[in-house]
K.L.:
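Pasting in a structure now, in structure tokens, and then I'll have a few things to ask.
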Amino acid sequence: MRSPWLNKLSVILGPRPPVSWLFLCVVSLLALITVFGSSSSSSFDSVTSTWVPESYKNYRRLKEQAAVDYFELRTLSSGASRQRELGFCGKEIENYVPCYNVTANLLSGFKDGEEFDRHCEVVGQGKWCLIRPPKDYKTPLQWPAGRDVIWSGNVKITKDQFLSSGSMTKRMMLLEENQIAFQSDAGLTFDGVKDYSRQIAEMMGLGSDSEFLQAGVRTVLDIGCGFGSFGAHLVSIKLMALCIAGYEATGSQVQLALERGLPAMIGNFITRQLPYPSFSFDMVHCAQCGIPWDKKEGMLLIEVDRLLKPGGYFVLTSPKSKPHGSATGTKIRNMLTPLEQFPEKICWSLIAQQDETFIWQKTVDAQCYSSRKQNDVPLCKGHDASYYQALSPCIIGPSSKRWIPIQNRSSSSELSSAELALHGVSLEDFFEDLQGWKLALKNYWSLLTPLIFSDHPKRPGAEDPLPPFNMVRNVMDMNAHYGGLNAAFLEEKKSVWVMNVVPVTSRNMLPLILDRGFPGVLHDWCEPFPTYPRTYDMLHANGLLSHLSSERCSLMDLFVEMDRILRPEGWVVLYDKLGAIELARAHATQIRWGARVIDLQNGSDQRLLICQKPFLTK
């Protein structure tokens, strides 16, 4: 005799329930067990609360939990409780940089140099795969040793290219077959760079390059930085030097600079503006950088003017002069002739010339713009859009509220209340942000150890190395906000530098970040980042995943891109809402990262995800 409960069920479903309905019941039960069981399992660790996120009501947390439940249920019902891991790409693209395919650009109709520029719209949707390191790849040396010695197998440069470089870094030497060494800057002159830097300072009227900061020079854009010798020297005297150079299939300047632990990214002076706002740098430097400054009706110089702050300097060192009758000497004179005339049209003055080095200074006199001739370069009207926009034929005058001479700006990263007000930020908000990041960093740093992925107790007597377990020098903050993580690293005196990335769809705080003297850039995370594979030791993002959920981006595309630019054994730290973190953990598993979710136990719906990329060669 059947029970009353079964009789009622028969009335509802009929004498024989459908098999599909029974299967769905089983799947739902398994999903509930998985979800509720995970909340108390060892997959969630607890750490002291270090961040004060936004407060949410209970219904908001329930909504996020429902999203996670749905994701788990969808995964189970698809017949795969575990997503398949991605395979590896072929060896031929181990140095692959998306958006810089010259052949594809030519086929798409780009010409006159534009085929060498960045064109992400040409990149097709290919199959996801993970880029392997080269066969001879080795973990970089700890800073500062890694600044002076790098593994030759980590960069794409042949011995013949190295020996025939003939650049300012000709004192660079090979110690062994597998190492490239740059002479230490202690003691002897460093490739002539110390003398060169001192010469620039003296041409500016300073006693030595140690007075650059006193003259208002903190941030330098180094165009075509060679092997990074000049940038390495500027970093040693506490300046922020950002190297940019065009994409190169082999012997890349940017790849070498990043391998040495120096700020660098791919960037071209061809047809479009660089992804920095106006008034970004105190000095723009070009030493034999190969830019045809006399071409395009002066628009390349106008772009330099846009990037320079009032009172900033443009330093140009041309190739060494050739005999009077040579073709090279004629070419150099033809280039320099318009450079003697055009700067006056944009309110620059030539303050010094010595040997092959010229220094112009951008005016601090607002009256200069109103007293120019009628046929001079016009002033811009309207919004300053600087994310890979076409080069502009106009200059930005003193009407901008950020038109402040470099000599009148703060000399530290702690901006005054008046300077913060220019960016729409209150002193209280700014200070609270900094304090929050100082506390958060201490927790982040303590978690950067492989032990975080192990549930086994430590063996008696075994001592663990202090976190981080491996070298961390190049850090990227993928959603930098005010640059608080960068400031916290400085406060803690960590030997790192941070690329502060401001997503184009978020509030643009990049001008504030650059005014603090930090490197930074605008970027659209629906596109690949302009750098080479294996160039960052740590990627950090606070709230980025939730922000991108409303965009056209694929999160899997983002994670594959993060894997491309992350070094083997590098770290990823993500702080976001529970639903986004659970989805991120699933993606991390697919790309073979070790991943651990941390519950901060601060009553919020935020979680921390710590990941480490393994050193895989097969």
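Here the structure is a predicted model, which is why all the values come from computation and not from measurement.
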K.L.:
Restricting to non-hydrogen atoms, name the atom on Val498 and the atom on Pro519 that form the minimum distance, rounded to 0.1 Å.
P.N.:
O-CG, 3.1 Å
K.L.:
Can you give me the closest heavy-atom contact between Glu527 and Cys120, atom names plus distance?
P.N.:
OE1-SG, 3.9 Å
K.L.:
Tell me whether Lys362 forms a cation-pi arrangement with Trp348, defined as NZ or CZ under 6.0 Å from the six-membered ring centre and within 45 degrees of its axis.
P.N.:
no
K.L.:
Between Lys156 and Glu259, is there a side-chain N and carboxylate O pair less than 4.0 Å apart?
P.N.:
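Answer for the salt bridge query: no.
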K.L.:
Under 6.0 Å between the ring centres of Trp437 and His481?
P.N.:
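No - the distance between ring centres of Trp437 and His481 does not fall below the 6.0 Å cut-off.
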K.L.:
Return the CG to CD distance between Leu566 and Glu561, rounded to the nearest 0.5 Å.
P.N.:
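With rounding to 0.5 Å, CG (Leu566) is 11.0 Å from CD (Glu561).
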K.L.:
Does some side-chain heavy atom of Tyr313 sit less than 4.5 Å from a side-chain heavy atom of Val220?
P.N.:
no
K.L.:
With a 3.5 Å distance limit and no angle check, can you tell me whether Arg534 reaches the backbone of Arg567 through a side-chain donor-acceptor pair?
P.N.:
no
K.L.:
Please state whether the rings of His523 and Trp525 are parallel, tilted or perpendicular, taking 30° and 60° as the class boundaries.
P.N.:
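Perpendicular.
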K.L.:
Salt bridge or not between Arg473 and Asp537? Use side-chain N to carboxylate O under 4.0 Å.
P.N.:
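No, Arg473 and Asp537 are not salt-bridged.
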K.L.:
Going by atom types only, do Asn486 and Asn500 share a side-chain donor-acceptor pair under 3.5 Å?
P.N.:
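Note: Asn486 and Asn500 side chains meet the donor-acceptor criterion.
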K.L.:
Short question: side chain of Arg409, backbone of Ile404 - any donor-acceptor pair under 3.5 Å?
P.N.:
yes
K.L.:
Tell me if a side-chain donor or acceptor on Asp222 pairs with a main-chain N or O of Cys225 at a distance below 3.5 Å.
P.N.:
no
K.L.:
Any heavy-atom pair between the side chains of Leu239 and Leu213 that's under 4.5 Å?
P.N.:
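They are in side-chain contact.
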K.L.:
Is the shortest side-chain heavy-atom distance between Phe269 and Pro292 below 4.5 Å?
P.N.:
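No, side chains not in contact.
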K.L.:
So how far is it from Glu569 CD to Lys613 NZ, rounded to the nearest 0.5 Å?
P.N.:
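It comes to 11.0 Å.
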K.L.:
Measuring from Ile237:CD1 to Phe212:CZ, what's the distance to the nearest 0.5 Å?
P.N.:
6.0 Å
K.L.:
For Thr363, enumerate each residue passing the side chain to side chain donor-acceptor pair (under 3.5 Å) test, keeping only those at least two apart in sequence or located in another chain.
P.N.:
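Thr363: no side chain to side chain donor-acceptor pair (under 3.5 Å) contacts found.
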K.L.:
Applying side chain to side chain donor-acceptor pair (under 3.5 Å), can you list everything that pairs with Tyr532, at least two apart in sequence or on another chain?
P.N.:
Ser252
K.L.:
Taking Phe559's backbone N and O only, do any of them form a donor-acceptor pair with Asp563's side chain (distance below 3.5 Å, no angle check)?
P.N.:
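Looks like no, no N/O pair under 3.5 Å.
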K.L.:
Roughly how far apart are Leu300 CG and Phe342 CZ, rounded to 0.5 Å?
P.N.:
9.5 Å
K.L.:
Roughly how far, to the nearest 0.5 Å, is CE of Met299 from OG of Ser392?
P.N.:
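Output value for this atom pair is 8.0 Å.
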K.L.:
Let me see the working for Trp571 and Tyr536 under ring pair (Phe, Tyr, Trp, His ring centres under 6.0 Å), right down to the final yes or no.
P.N.:
CA-CA 9 Å; Trp571 296 95; Tyr536 284 89; over 10 Å; no
K.L.:
Is a donor on one side and an acceptor on the other found under 3.5 Å between the side chain of Glu202 and the backbone of Ser208?
P.N.:
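No.
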K.L.:
Do the side chain of Arg306 and the main chain of Tyr276 share a donor and acceptor less than 3.5 angstrom apart?
P.N.:
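Indeed, once roles are kept as given, a pair shorter than 3.5 Å links the two residues.
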K.L.:
Kindly give the heavy-atom pair with the smallest separation between Ile395 and Ile346, and that separation in Å.
P.N.:
CG2-CG2, 3.7 Å
K.L.:
Would you sort out whether Gln353 and Ile359 count as a side-chain contact (heavy atoms from CB on, under 4.5 Å), showing the intermediate values?
P.N.:
CA-CA 6 Å; Gln353 176 186 352; Ile359 300 181; over 6 Å; no
K.L.:
Please step through side-chain contact (heavy atoms from CB on, under 4.5 Å) for the pair Val572 and Met562, ending with a clear verdict.
P.N.:
CA-CA 9 Å; Val572 176; Met562 291 166 66; 3.7 Å; yes
K.L.:
Can you confirm whether Gln354 sits close enough to Met203 that some side-chain heavy atom of one is under 4.5 Å from a side-chain heavy atom of the other?
P.N.:
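Gln354 reaches Met203 side chain to side chain.
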K.L.:
With Ser495, which residues qualify under side chain to side chain donor-acceptor pair (under 3.5 Å), at least two apart?
P.N.:
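Not a single residue meets the side chain to side chain donor-acceptor pair (under 3.5 Å) criterion with Ser495.
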K.L.:
Can you find a pair of side-chain heavy atoms, one from Ile223 and one from Ile291, that are under 4.5 Å apart?
P.N.:
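Touching, per the 4.5 Å side-chain cut-off.
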K.L.:
With a 6.0 Å cut-off on the ring centroids, do Trp445 and Phe489 count as close?
P.N.:
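Yes; Phe489 has its ring centre under 6.0 Å from that of Trp445.
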K.L.:
If you take the centroid of each ring, where Trp contributes its six-membered ring, are Tyr196 and Phe230 closer together than 6.0 Å?
P.N.:
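Phe230 vs Tyr196: aromatic centres under 6.0 Å.
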K.L.:
Got Cys243 and Pro263 here, is their nearest side-chain heavy-atom distance under 4.5 Å?
P.N.:
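No, every pair of side-chain atoms sits at 4.5 Å or beyond.
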K.L.:
Looking only at heavy atoms, what is the nearest atom pair of Ile406 and Gly216, with distance?
P.N.:
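Minimum heavy-atom contact is CB-O, 3.6 Å.
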K.L.:
Does CD in Glu344 sit with more than 12 non-hydrogen atoms of other residues, nucleotides or ligands closer than 6.0 Å?
P.N.:
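Incorrect, the count does not exceed 12.
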K.L.:
So, Asp355 side chain and Thr357 main chain: donor-acceptor pair closer than 3.5 Å or not?
P.N.:
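Checked: no pair found.
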K.L.:
Please list, chain by chain and in numerical order, all residues satisfying side chain to side chain donor-acceptor pair (under 3.5 Å) with Asn268, sequence neighbours excluded.
P.N.:
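Partners of Asn268 by the side chain to side chain donor-acceptor pair (under 3.5 Å) criterion come out as none, since no residue qualifies.
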K.L.:
Among Thr531, Asn95, Thr535, which residue meets the side chain to side chain donor-acceptor pair (under 3.5 Å) test with Gln255?
P.N.:
Asn95
K.L.:
Trp151 and Asn178: side chain to side chain donor-acceptor pair (under 3.5 Å), yes or no, with the steps?
P.N.:
CA-CA 6 Å; Trp151 301 108; Asn178 62 348; over 6 Å; no
K.L.:
Output all residues satisfying ring pair (Phe, Tyr, Trp, His ring centres under 6.0 Å) with Phe110, sequence neighbours left out; order by chain, then residue number.
P.N.:
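Scan of Phe110 (ring pair (Phe, Tyr, Trp, His ring centres under 6.0 Å), adjacent residues dropped) gives His119.
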K.L.:
Taking the inter-plane angle between the rings of Tyr247 and Tyr100 on a 0 to 90° scale, is it parallel (under 30°), tilted (30 to 60°) or perpendicular (over 60°)?
P.N.:
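Parallel.
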K.L.:
Quick test of your reading of the model: are Asp515 and Arg402 salt-bridged, counting only N-O distances below 4.0 Å?
P.N.:
yes
K.L.:
Within the distance-only criterion (no hydrogens, no angle test), does the side chain of Gln361 pair as donor or acceptor with the backbone N or O of Gly311 below 3.5 angstrom?
P.N.:
yes
K.L.:
List the residues meeting salt bridge (charged side-chain N to carboxylate O under 4.0 Å, His left out) with Asp477, not counting sequence neighbours, and say none if there are none.
P.N.:
none
K.L.:
Show your working on side-chain contact (heavy atoms from CB on, under 4.5 Å) between Trp497 and Phe518 and close with a plain yes or no.
P.N.:
CA-CA 9 Å; Trp497 68 272; Phe518 302 157; over 6 Å; no
K.L.:
Would you call Phe279 and Ile396 a side-chain contact if the rule is heavy atoms closer than 4.5 Å?
P.N.:
yes
K.L.:
Could you please spell out the steps behind the side-chain contact (heavy atoms from CB on, under 4.5 Å) verdict for Met538 and Val573?
P.N.:
CA-CA 8 Å; Met538 175 178 166; Val573 180; 3.8 Å; yes
K.L.:
Is Val102 close to Phe116 at the side-chain level, that is, under 4.5 Å between some pair of heavy atoms?
P.N.:
yes
K.L.:
Roughly how far apart are Leu415 CG and His423 NE2, rounded to 0.5 Å?
P.N.:
6.0 Å
K.L.:
Under the salt bridge (charged side-chain N to carboxylate O under 4.0 Å, His left out) rule, what do Arg198 and Asp209 come out as? Steps first, then yes or no, please.
P.N.:
CA-CA 5 Å; Arg198 184 175 63 250; Asp209 55 6; over 6 Å; no
K.L.:
Closer than 3.5 angstrom, by distance alone: can the side chain of Arg132 be matched with the main-chain N or O of Cys89 as a donor-acceptor pair?
P.N.:
yes
K.L.:
Under a 3.5 Å distance rule, please check whether Glu492 uses its side chain to pair with a backbone N or O of Leu441 as donor and acceptor.
P.N.:
no
